There are 2 protein chains.
Amino acid sequence: MAFQHHDQQDAARETSAGVNLGPLPASVCFALRRAQHMVTDDLVRTLQPLNLRPTYFAVLVVIGENPGLNQSEVSAALGIQRTNFVTIIDHLETRGLVERHPSKEDRRSYALHLTEEGREVLNAARQLQAEHEQRLTQKLGQEGRELLLPLLRRLAA
Amino acid sequence: MAFQHHDQQDAARETSAGVNLGPLPASVCFALRRAQHMVTDDLVRTLQPLNLRPTYFAVLVVIGENPGLNQSEVSAALGIQRTNFVTIIDHLETRGLVERHPSKEDRRSYALHLTEEGREVLNAARQLQAEHEQRLTQKLGQEGRELLLPLLRRLAA
DNA sequence: TATTGTTATACTCTATAACTATA
DNA sequence: TATAGTTATAGAGTATAACAATA
C-alpha cells in the first residue's frame, strides 16, 4: 500500500533518553493524560494570581451564568459529586465570592449567587483563562484547535 | 432555523439540564478533563480483571520493553517522580510481577526485571488494552484517531 | 558534591456510606 | 419514600523536604 500506518511506528517510539515505551505513545488514554497534565499546569499557573484553581473557576462561571441554581444542579453540570462540592462552596463562600441564599421554594436547598467581589474575580479569571486558551491555540493552530475540541467531545460523550 | 454556526454556539452551549456553561465547553482544558475521565474509566474497567491500574500497566510495559533499567529511569520515562514511584514498585514486587536485582555497576540502584508471572500479566494486559483502544477508535473513527494523537502530543510537548 | 532509593508529609481529586431536614 | 445538603472516610495522584548509602 502507498501510505504507511503510523500506528505501527508509534508503537516503537522512544523517549529522548532512548527508553522504549511500547504501545503507550499510541494510546489515546496516555496521550490524553500527558496533554491534560501540561494544559492543566498552564491554567493553574495562569489563575495563580487570583488564587483560583481551575475547578473553582468553573464553579464561579456556572453560578455567574445561572444565578439561583442549587448545589446539586451546579455540581451535576460540572460532573462533580454533590458530596465533594460542599468543600468547594464552603471555600468560595468563606472567601466572600459566593453566597448561599435560602431557597423560597425548597427549604432543603440553597440558591447560589455570586457576590460583587465574586463577579469581579470571575471577570478577571475569564480574562486570564482567555489568554491561556490563546496560548494553546498558538500551539495547536486555529485549525488544530477546531479539530481537537469535537474529537474530545466525542470521547466524553 | 435548520442549521446554525456551531463555533459561535460553543461559547453558549448548555447541558441537557439547560445549564449555561459559558466558556467552558470551548475550553481545551475542560474538554481534555472530561475526555480523560471517560477514557480512563474505560481503561480502568478494562484492566480490572487483572487488578491493574493504568499506571501500573504502564510501568510493566516499560520494564518489559527495557529490562534492567533502574527506578529513576523508568519513573522519568513515565513522568512519575521517583519518590512516588517507590510505592508502585513495592506493590508490583509484592504481587510477584517485578523483581529488584542488585545492579552490578552501581550499588545504589536496582535493575528492574519482570518475573515470569509479570510477563504473563503484561501480555494479558496488552491484549485488553488493545481492545480498549479499538473501542476508542470506533468512537473516533480511524481518521479521527490519527488526527487526535498528534494534536495531543503537540499539547504535551 | 551529586545521585539513588527511601520515608514522611501534605494537598487535590475522586468515591462511598450514612446522617438530618425537608419534600 | 425520595431528595438536598452534609459529614466522615478512604483511595489515588501529585508535590516537596530530608535522610542514608553510594558515586
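Every chain is numbered from 1 and lettered A, B, ... according to where its sequence line falls, protein lines coming before strand lines. Excluded from the calculations below are hydrogen atoms, water molecules and symmetry mates; all remaining heavy atoms, backbone and side chain alike, are included. Please read these numbers as outputs of a predicted model, since none were measured by experiment.
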Subject >> Greater than 12 external heavy atoms within 6.0 Å of A/Glu105's CD >> reply: no

Original post:
Around B/Gln134, counting heavy atoms of other residues, nucleotides and ligands shown, do more than 12 lie under 6.0 Å from its CD?
Top reply: no

**OP:** Tell me whether B/Leu78 is reachable from A/Met38 by hopping between hydrophobic residues (I, L, V, M, F, W, Y) whose side-chain heavy atoms are closer than 4.5 Å.
**Re:** no

Original post:
Does the side chain of B/Arg82 get closer than 4.0 angstrom to OP1 or OP2 of C/dT7 through an N or O atom?
Top reply: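 No, no such contact exists.
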
**OP:** Tell me whether the OP1 or OP2 atom of D/dG13 has a side-chain N or O from B/Gln81 closer than 4.0 Å.
**Re:** no

**OP:** Identify the two heavy atoms, one from B/Thr115 and one from B/Gly96, that lie closest to each other, and give their separation to 0.1 Å.
**Re:** OG1-O, 2.6 Å

**OP:** Using the test ring pair (Phe, Tyr, Trp, His ring centres under 6.0 Å), find all partners of B/Tyr56 that sit at least two apart in sequence or belong to another chain.
**Re:** B/His91

[X] [atom1] to [N] [atom2], straight-line distance once rounded to whole Å:
X: A/Gln48; N: D/dA15; atom1: CD; atom2: P; value: 13 Å
X: A/Tyr110; N: D/dT6; atom1: OH; atom2: P; value: 5 Å
X: B/Asp41; N: D/dG13; atom1: CG; atom2: P; value: 13 Å
X: B/Arg53; N: D/dA12; atom1: CZ; atom2: P; value: 6 Å
X: A/Tyr56; N: C/dC11; atom1: OH; atom2: C1'; value: 10 Å
X: A/Arg34; N: D/dG13; atom1: CZ; atom2: P; value: 15 Å
X: B/Arg33; N: C/dC13; atom1: CZ; atom2: P; value: 8 Å

Just the atom pairs and distances: protein N or O near nucleotides 8-11 of chain D's N or O, under 3.5 Å.
unit_1	atom_1	unit_2	atom_2	d
D/dA8	N6	A/Thr83	OG1	3.3

Expected list for residues 60-75 of chain A: side-chain donor-acceptor pairs under 3.5 angstrom, two or more places apart:
unit_1	atom_1	unit_2	atom_2	d
A/Glu65	OE1	B/Asn20	ND2	3.4
A/Glu65	OE2	A/Arg126	NH1	2.8
A/Asn66	OD1	B/Asn20	N	2.9
A/Asn66	ND2	A/Val62	O	2.8
A/Asn66	ND2	B/Asn20	O	2.7
A/Asn70	OD1	A/Ser72	N	3.1
A/Asn70	OD1	A/Glu73	N	2.8
A/Gln71	OE1	A/Arg100	NH1	2.7
A/Glu73	OE1	A/Asn70	N	2.9
A/Ser75	OG	A/Gln71	O	2.8
A/Ser75	OG	A/Ser72	O	3.1

At a cut-off of 3.5 Å, list every protein nitrogen or oxygen paired with a nitrogen or oxygen from nucleotides 20-23 of chain C, distance to 0.1 Å.
unit_1	atom_1	unit_2	atom_2	d
C/dA23	OP1	A/Arg107	N	2.9

Original post:
Looking just at side-chain N and O atoms, do B/Thr46 and B/Arg135 make a donor-acceptor pair shorter than 3.5 Å?
Top reply: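 Yes - a donor-acceptor pair under 3.5 Å links their side chains.
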
Original post:
If you check every side-chain atom of B/His37, which of C/dT14, D/dG5, D/dG13 has the closest atom?
Top reply: C/dT14

Original post:
Less than 4.0 Å between a side-chain N and a carboxylate O, is that true for B/Glu117 and B/Arg95?
Top reply: no

Subject >> Side chain proximity check, A/His132 to B/Cys29, heavy atoms < 4.5 angstrom >> reply: yes

Original post:
Among all residues two or more places apart in sequence or in another chain, which pass the salt bridge (Lys or Arg N to Asp or Glu O under 4.0 Å) test with A/Arg108?
Top reply: A/Asp106

Original post:
Which residues, if any, of residues 86-101 of chain A bring a heavy atom under 4.0 Å of DNA chain D?
Top reply: A/Val86, A/Arg100

Subject >> Whichever of B/Ser72 and A/Ile80 has its nearest DNA chain C nucleotide further upstream toward 5' >> reply: B/Ser72

Subject >> Step-by-step side chain to side chain contact (heavy atoms under 4.5 Å, CB included) determination, A/Leu148 to B/Leu32 >> reply: CA-CA 9 Å; A/Leu148 178 63; B/Leu32 274 173; 5.5 Å; no

